[in-house]
Amino acid sequence: MKKIICIDCETDGLDVNTCNLAGVAISIEKNQGWYVPLEKKNKVGSDAISFLKDLLGNPQLIVVGHNLKFDLQVLKNHGIQVNGEIHDTMVMDYVLSPQRKKHGLKLLSKIHLNYDQLSFDKMMGNHGSIWEVPIKTLTKYACEDTDQTLQIFHHLNPRIQESGVGNIYDLDRKLVAVLARMESNGVAIDQKLLKSIAKKLQDDSLVLEESIIGDLIPEINLNSTKDINWLLFEHYAIPPIGKKTKQGNYSVSKKVLSKLSADHLIVKELLELRATKKVLSTFIPALSNLNPLTNKLHCSINQTVTETGRLSCSKPNLQNIPSRTIGKMLRQCFVPSSKDHVLIGADYSNIELRVMAVLSQDKNLLNAYKNGIDVHRLTACKLLGIKNIEDVDDMQRDVAKSLNFGLIYGMGAHGLAETLSNVTKKQHTPQQAQEIIDSYFANYTDVAKCKENLIYQATVKGYTETLFGRKRPIPDINSNDSIKRQMSKRLAMNTPIQGTAADIMRMAMVNIDQQLTKQKLKSKMILTVHDELLFDVPKHEITIMEELVRHEMENAAQIGIALEVDLKTGNNWAEVH
DNA sequence: TATACCGCGTT
DNA sequence: GACGTACGCGGTATAG
C-alpha cells in the first residue's frame with residue numbers, strides 16, 4: 001500500500017518562473033497537517049529544502065495536490081523533484097464536471113464538502129507580502145488547503161470510478177507533470193526579428209490610416225464600430241448591407257466589409273488596416289515579454305478548461321498565432337533554443353475525419369483511409385458525380401473539404417451556403433446547400449446513422465462521450481428552447497469527434513514525455529496546438545526524435561485505422577508547420 | 001472598475 | 001430569430 005501525501009506550495013506570486021517558495025504544507029491524514037516554512041527567500045540548501053527533497057523524491061508516494069502543475073514547477077525551480085504518483089483534485093473535478101467554469105480549491109471545498117475555506121486575500125490581511133505574514137497564520141491557511149484537498153481527493157476518487165471515467169482520469173493525471181515540464185521549457189522567440197516585423201507593420205498602418213482618414217477627420221477612432229458606421233455609411237454614404245447589432249449600429253465585421261470592399265477602396269484599406277492593427281495590438285505584445293530569467297516565453301497550457309477535452313493556452317495564447325493571415329510571418333520568430341538546435345513540428349493528418357470514420361464505421365470512409373485515398377477528393381467524386389478521383393480539380397476538392405469539415409461541426413444549410421459562396425466565389429442558396437447535405441448523407445449513410453445515434457444517446461443519457469469515455473453533459477438536449485436543442489445536437493455530434501482527437505493527443509504527449517525521460521534525451525516538447533506538437537531538438541537528436549515522435553503519435557491509440565503524422569524539421573515555426 | 005458585447009486569430 | 005466546434009484576448013460601450 002502506497003502512502004498518500006497531500007502537498008501545497010505557498011509562494012510570493014503566481015508566476016511560476018519568478019515567484020519564490022515561502023513554504024510547503026503537508027497533510028497525510030484528515031485534520032493533520034504540517035507547514036514547512038522557508039525562512040528566507042530562495043534559501044536553497046537550507047534544512048527545509050533538503051527535508052522536502054528527501055520527502056518528495058520518494059517514488060513510492062502517492063502525491064495529491066490541487067493544480068499540481070503549478071507546485072511541480074515551483075518545487076523544481078527550488079531544486080525539489082517530485083517522483084511519486086501524481087493525483088490532482090482540480091483534474092479530478094474536471095473529468096467529472098468539465099462543464100464547470102471554475103475548479104478552484106475553495107469552490108470545490110464548498111461544493112463537495114460544504115466547507116467555507118479562508119480565502120488567500122483574507123489570510124493576507126493588510127500584509128504587503130507573504131513574507132510578512134506570521135507563520136502561525138500561514139500554517140493555519142496552508143494546512144487547511146492540504147486538508148481540504150485531501151478530503152476532496154477521497155471524496156471524488158470513488159465517484160470517478162463509478163462514473164466510468166477512471167481511464168480518462170488516469171490519462172489526465174499523468175499529463176499534469178508533462179504540461180508542467182512543457183511550460184517550464186518555454187519557447188524561444190527571436191526578439192530582433194519580432195521588432196523588425198513590428199516596425200514594418202507600424203509603418204504600414206500609418207500609411208493606411210493616412211489614406212483612410214487623411215486630413216479629413218483626425219479625431220476618428222478606427223477601432224470603434226460606431227465611428228466606422230459614421231465614416232462609411234454617413235460620410236462616404238456607402239449603402240449599408242447586413243443587419244444592425246444590438247447596439248444599434250450596422251455590423252462592420254470582416255464578413256460584411258469584405259462584400260463592400262470590391263466596390264470601395266476605402267473599405268479594402270480599412271480591412272487591411274484592421275488586420276495589421278490586430279497583429280500589432282494582440283500578437284506582437286504577446287511575444288515581446290520574455291521571462292528575464294530564462295529569456296523565453298512561458299505560456300500556460302490549461303488542462304481543465306475546455307468542455308471537449310482539448311487543451312487551451314493562455315498568458316499568452318500561442319494556439320492562435322496566425323498561420324494563414326498577414327500575421328503568419330510571426331511564426332518565423334518562434335526559433336530553436338540555441339544554434340545547435342532545430343524545431344520539429346508534427347501534425348496529425350486529418351485526425352478528426354479519421355475519428356469520424358471510426359465512430360461511424362462508415363465503409364466508404366474506412367476504406368478510403370485504409371487505401372490512402374484522399375477523402376476530400378472522394379467526397380467530391382460522390383457529390384459531384386465525378387467518376388475518377390484524378391479528375392477532381394482543386395476547387396472541387398475545396399468544396400468537398402468544407403463539406404467534410406462542416407459536417408463535423410454540425411453546420412446547417414445556411415452556414416454551408418455561406419461557406420460554399422466563399423470557397424467558390426459564387427452565390428449559393430441555402431436550398432442548394434441543403435440538397436448537397438442530403439446528397440452527402442445519402443452517400444455516407446453510416447455517418448448519418450452515427451449522427452442520429454449520437455444525438456439519441458445524448459437524449460437518453462444527458463451526456464455525450466468520446467471513444468475513450470471522456471464525458472460531457474449536454475443538459476439542454478431535451479430543452480423546450482429549440483435554439484438550445486439544436487446547439488445541443490451539434491455538440492452531441494461534435495464533442496465525440498473533437499474530444500476523441502484530443503484524447504489521442506493527450507495520450508501521445510504522455511507517451512512521448514515518458515520516452516524522452518527514459519531515453520535521457522535533451523529534446524523538449526514545447527507546444528501543442530490541438531493536432532500539432534512542437535519540439536526543440538539538439539541537432540544530434542534529429543533522427544531519433546523524428547522516429548520517436550512519429551511512432552508515439554501514430555501509435556498513441558489503436559482505433560482501427562492508421563493515424564498518420566506529417567513531420568517537418570526546420571529553423572523556425574513557419575518552416576515546420 | 002466590472003461586465004457585456006463585438007470582432008478576430010487558431011483548429 | 002438564428003443559423004459552425006472549441007478557445008483567449010484586445011478594444012469599446014455601458015452600468016455601477
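Here the structure is a predicted model, which is why all the values come from computation and not from measurement. As a basis for the values below, the full set of heavy atoms in this structure was taken, side chains included, without hydrogen atoms, waters or symmetry mates. Order of the sequence lines sets the chain letters (A, B, ...), proteins ahead of strands, with each chain counted from 1.
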Any donor-acceptor pair under 3.5 Å between the side chain of Gln498(A) and the base of dT5(C)? yes
Once each nucleotide of nucleotides 7-13 of chain C is scored for protein heavy atoms under 4.0 Å, what B/S/- sequence comes out, 5' to 3'? SBSSSSS
Please tell me if Arg324(A) has a side-chain N or O lying less than 4.0 Å from either OP1 or OP2 of dG9(B). no
Which nucleotide in dG4(C), dT10(B), dA6(C) has an atom nearest any side-chain atom of Tyr409(A): dG4(C)
Separation between the P atoms of dA2(C) and dC5(B), rounded to whole Å: 13 Å
Taken to the nearest whole Å, CH2/Trp573(A) to C1'/dT11(B) is 11 Å
Do Asp446(A) and Lys449(A) sit within salt-bridge range, that is, some charged N less than 4.0 Å from a carboxylate O? yes
Atom NZ of Lys255(A) and atom P of dC3(C) are separated, to the nearest Å, by 9 Å
In whole Å, what is the span from the CG atom of Leu257(A) to the C1' atom of dC6(B)? 13 Å
Pair Glu564(A) + Arg550(A): basic N to acidic O under 4.0 Å: no
On a plain distance test, is the side chain of Ser251(A) in donor-acceptor contact with the base of dG7(B) below 3.5 Å? no
If the C1' atom of dG9(B) is compared with that of dC3(C), how far apart are they to the nearest Å? 22 Å
Whole-Å distance separating the CG atom of Leu527(A) from the C1' atom of dT11(B): 13 Å
Testing the 3.5 Å rule here: is there a donor-acceptor pair between the side chains of Glu183(A) and Gln73(A)? yes
Mind checking if Met487(A) touches a base, just sugar-phosphate, or nothing, with heavy atoms under 4.0 Å? sugar-phosphate
May I ask you to check whether His376(A) and Phe405(A) place their ring centres under 6.0 Å from each other? yes
Where does the angle between the aromatic ring planes of Tyr444(A) and Tyr440(A) fall among parallel (under 30°), tilted (30 to 60°) and perpendicular (over 60°)? tilted
By the 4.0 Å heavy-atom rule, please label Thr495(A) as base, sugar-phosphate, or nothing. nothing
Separation of atom CG in Leu330(A) from atom P in dC8(B), rounded to whole Å: 18 Å
Which is more 5' along DNA chain C, the nucleotide nearest Phe405(A) or the one nearest Ile483(A)? Just name the residue. Ile483(A)
Think Thr325(A) has a side-chain N or O under 4.0 angstrom from the OP1 or OP2 of dT10(B)? yes
Write down the distance between NE2 (His428(A)) and P (dG4(C)), rounded to a whole number of angstrom. 16 Å
I'd like to know if Arg485(A) pairs up with Asp476(A) as an ion pair, taking the criterion as any Lys NZ or Arg NE/NH1/NH2 lying under 4.0 Å from an Asp or Glu carboxylate oxygen. no
NZ/NE/NH1/NH2 to OD/OE distance under 4.0 Å, Arg470(A) and Asp503(A): yes
Can you measure Ile497(A) atom CD1 to dT11(B) atom C1' for me and round it to whole angstrom units? 14 Å
Measure the distance from CD on Gln319(A) to P on dT10(B) and round it to the nearest whole Å. 13 Å
Closer than 4.0 Å, any side-chain N/O of Arg490(A) to the OP1 or OP2 of dG4(C)? no
Between Lys484(A) and dA2(C), does any side-chain N or O lie under 4.0 Å from OP1 or OP2? no
Answer with base, sugar-phosphate or nothing: what part of the nucleic acid does Leu318(A) contact at a heavy-atom distance below 4.0 Å? nothing
For His414(A) and dC3(C), are the ring centres under 5.5 Å apart with planes inclined under 30°? yes
Closer than 4.0 angstrom, basic N to acidic O: yes or no for Asp513(A) and Lys174(A)? no
